[in-house]
2 protein chains.
Amino acid sequence: MNETGKYKMKRKVPEPTLKRLPGYLYYLDKVKEQGIINISAPMIGKDLKCDPTQVVKDLAVTGIKGKPRVGYNTYELIHALEDYLGFNRTNEAFIVGAGNLGSALMAYQEHQSLGLKIIAAFDVDEKKIGTHVGRIHILEYNKLFSLSNRLDVKIGILTTPNSVAQDVAEDLVNCGIKAIWNFTSAILHLPDDIIVQSTSMSSYAAVLLRRLNDSEK
Amino acid sequence: MNETGKYKMKRKVPEPTLKRLPGYLYYLDKVKEQGIINISAPMIGKDLKCDPTQVVKDLAVTGIKGKPRVGYNTYELIHALEDYLGFNRTNEAFIVGAGNLGSALMAYQEHQSLGLKIIAAFDVDEKKIGTHVGRIHILEYNKLFSLSNRLDVKIGILTTPNSVAQDVAEDLVNCGIKAIWNFTSAILHLPDDIIVQSTSMSSYAAVLLRRLNDSEK
DNA sequence: AACATATAAAGAAATAATTCTTTATTTTAA
DNA sequence: TTAAAATAAAGAATTATTTCTTTATATGTT
């Protein structure tokens, strides 16, 4: 027995779908620039090299409906995607670890939209404290505690060495952080209600290298 | 009718499995440091917060067998994983685009093992040409063509602005590159035999933001 | 105004991945 | 030497995701 009926159960949107959504957004921005007002799923599928029914299913999560023989309204679709992804809200984030990757993300977000607004970075390195990357100031790590008291930031980006990742993550949670974007290799052990999104560069490298080796037989 | 028989057909290893393998490697390195000689799948599963049968299936791709009541030999397993992933070979790579992300990757790989050896970076920015990040020299973009003639590099890392990604990717293919690690948002249209691994930061941000919004109801 | 056509929507089927179950093996202990 | 326990391996079942098929609808054309 399934749960169709008057109680619209909140079905979980598949992660592969979520990961594809920013790609549609990037594509649609370019389409809009070309002055194209309506765009069909088969067209999107052709340009993005994916199945048109996949496109329809993915875009359906935003609630936007297309019209047969016309397609989707470009503007409406972009707006719905941004809304759904939260890219048009100001999602404030702290970043801990102002090393290479941390600095890159700070600089990166000024050009590429990640939907995040990094408002401060923290580090323990005396040489980095007081400097800034773009508009983002690098503060002494201990300032994290006082600043989080005043600012209600929900997102923390973890770009520290692996060895301190668990400790810093726990500090972030104690500071009211609800979601952690983890760039370290550490496996974080945190309360279940904390959202952890791990982005491991080596995972991608692994897939690339293996596929390359496979192709060389 | 399936293909069991004397011809062992090369079954494709699932991408989720490949992505998990570097995580096992990182974990096992720490286990080895603690002097633990044998490690069981249930133990690995507990530490890595995943299903023990998943662990067994994942590790099986390396060909290593565990022993009941003992587990896997730590050293043997690490070796097999490195071998399978190609992390113990020198996988030479070029990087194009010495901006924030490119520089971060160059600096990053000197500390964190990605299984790659970036041997040169290319950029068109006069101010960057001639400088270096760590031990990696940043060369004039046009040098890509002459250098690739002499060096037989198979992997290209693409960290350029989106607008030039397609053109640079085509250049890389013409230089004999077989696999491209694409950090841009561009959808690359390349010959089918070229392996493209796209790593979009905004995909991860999207999942994080959406899950955070969902949890806030 | 009716018809043909392109296309989105909804549902079914197929595929892929994970989790569960059973079986077989190896070691330790009685 | 035998029995018990832990665990890997193999296979089945479940779940998730993608692809395929059908249906309905809106638009342009005759």
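Letters go in sequence order (proteins before strands), and every chain restarts at 1.
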A.B. asks: Tell me whether A:Lys178 is salt-bridged to B:Glu216, with the criterion being a basic N under 4.0 Å from an acidic carboxylate O.
C.D. replies: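 Here A:Lys178 does not pair with B:Glu216 in a salt bridge, since their nearest N and O are not under 4.0 Å apart.
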
A.B. asks: Distance check needed: C:dT26 P versus B:Lys65 NZ, whole Å only.
C.D. replies: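 In whole Å, C:dT26 P lies 12 Å from B:Lys65 NZ.
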
A.B. asks: For residues A:Tyr84 and A:Val61, report the shortest heavy-atom separation together with the two atoms involved.
C.D. replies: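 Closest pair (atom of A:Tyr84, atom of A:Val61, distance): CE1-O, 3.6 Å.
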
A.B. asks: Does the protein touch nucleotides 14-22 of chain D at the base, only the backbone, or not at all? Give it as B, S and - per nucleotide, heavy atoms under 4.0 Å.
C.D. replies: ---SSBBB-

A.B. asks: Please tell me if the side chains of A:Leu18 and A:Leu21 come closer than 4.5 Å, counting only heavy atoms from C-beta onward.
C.D. replies: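 Counting from C-beta outward, A:Leu18 and A:Leu21 do come under 4.5 Å.
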
A.B. asks: Would you say the side chain of A:Leu209 lies within less than 4.5 Å of the side chain of B:Leu85, judging by non-hydrogen atoms?
C.D. replies: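 In short, these two side chains do not touch, never coming nearer than 4.5 Å.
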
A.B. asks: Less than 4.5 Å apart, any side-chain heavy atom of B:Ile95 and any of B:Met106?
C.D. replies: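 The answer is yes; the side chains approach within 4.5 Å.
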
A.B. asks: Specify the residues of residues 187-196 of chain B, ordered by number, for which at least one heavy atom lies under 4.0 angstrom from an atom of DNA chain D.
C.D. replies: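 Nucleic-acid contacts, sorted: none.
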
A.B. asks: A cation-pi test, strictly: NZ or CZ of A:Lys67 under 6.0 Å from the centre of the six-membered ring of A:Tyr72 and no more than 45 degrees from its axis. Yes or no?
C.D. replies: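 Geometry flag: not set, cation outside 6.0 Å or 45°.
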
A.B. asks: To the nearest Å, how far apart are A:Asn73 CG and C:dT7 P?
C.D. replies: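 The distance from CG of A:Asn73 to P of C:dT7 comes to 16 Å, rounded to the nearest Å.
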
A.B. asks: Report each atom pair, protein N/O against N/O of nucleotides 3-7 of chain D, whose distance is under 3.5 angstrom.
C.D. replies:
{"from": "D:dA5", "atom 1": "N3", "to": "B:Arg69", "atom 2": "NH1", "distance (Å)": "3.3"}
{"from": "D:dA6", "atom 1": "O4'", "to": "B:Arg69", "atom 2": "NH1", "distance (Å)": "3.1"}
{"from": "D:dT7", "atom 1": "O4'", "to": "B:Arg69", "atom 2": "N", "distance (Å)": "3.1"}

A.B. asks: For a side chain to side chain donor-acceptor pair (under 3.5 Å) check, start with the C-alpha distance between A:Ser200 and A:Ser198, then their side-chain angles and the critical distance, and finish with the verdict.
C.D. replies: CA-CA 6 Å; A:Ser200 161; A:Ser198 287; over 6 Å; no

A.B. asks: Are the side chains of A:Leu188 and A:Gln166 in contact, using a 4.5 Å heavy-atom criterion?
C.D. replies: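 Touching, per the 4.5 Å side-chain cut-off.
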
A.B. asks: Taking atom P of C:dT7 as reference, at what distance in whole Å does atom CD1 of A:Ile44 sit?
C.D. replies: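 It is 11 Å, rounded to the nearest whole Å.
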
A.B. asks: Over how many whole Å does the gap from B:Asn38 atom CG to C:dT27 atom P extend?
C.D. replies: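 Nearest whole value for this atom pair: 10 Å.
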
A.B. asks: How are the rings of B:Phe183 and B:Trp181 set to each other: parallel, tilted or perpendicular (split at 30° and 60°)?
C.D. replies: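 The rings of B:Phe183 and B:Trp181 sit tilted, inter-plane angle from 30° to 60°.
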
A.B. asks: So do the side chains of A:Ile177 and A:Asp171 get within less than 4.5 Å of each other, counting heavy atoms only?
C.D. replies: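 They are not in side-chain contact.
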
A.B. asks: Side-chain contact, heavy-atom cut-off 4.5 Å: A:Asp214 with A:Arg211?
C.D. replies: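 A side-chain contact exists here, since the closest heavy-atom pair is under 4.5 Å.
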
A.B. asks: When the distance from CE of B:Met43 to P of D:dA8 is rounded to whole Å, what number comes out?
C.D. replies: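 It is 12 Å, rounded to the nearest whole Å.
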
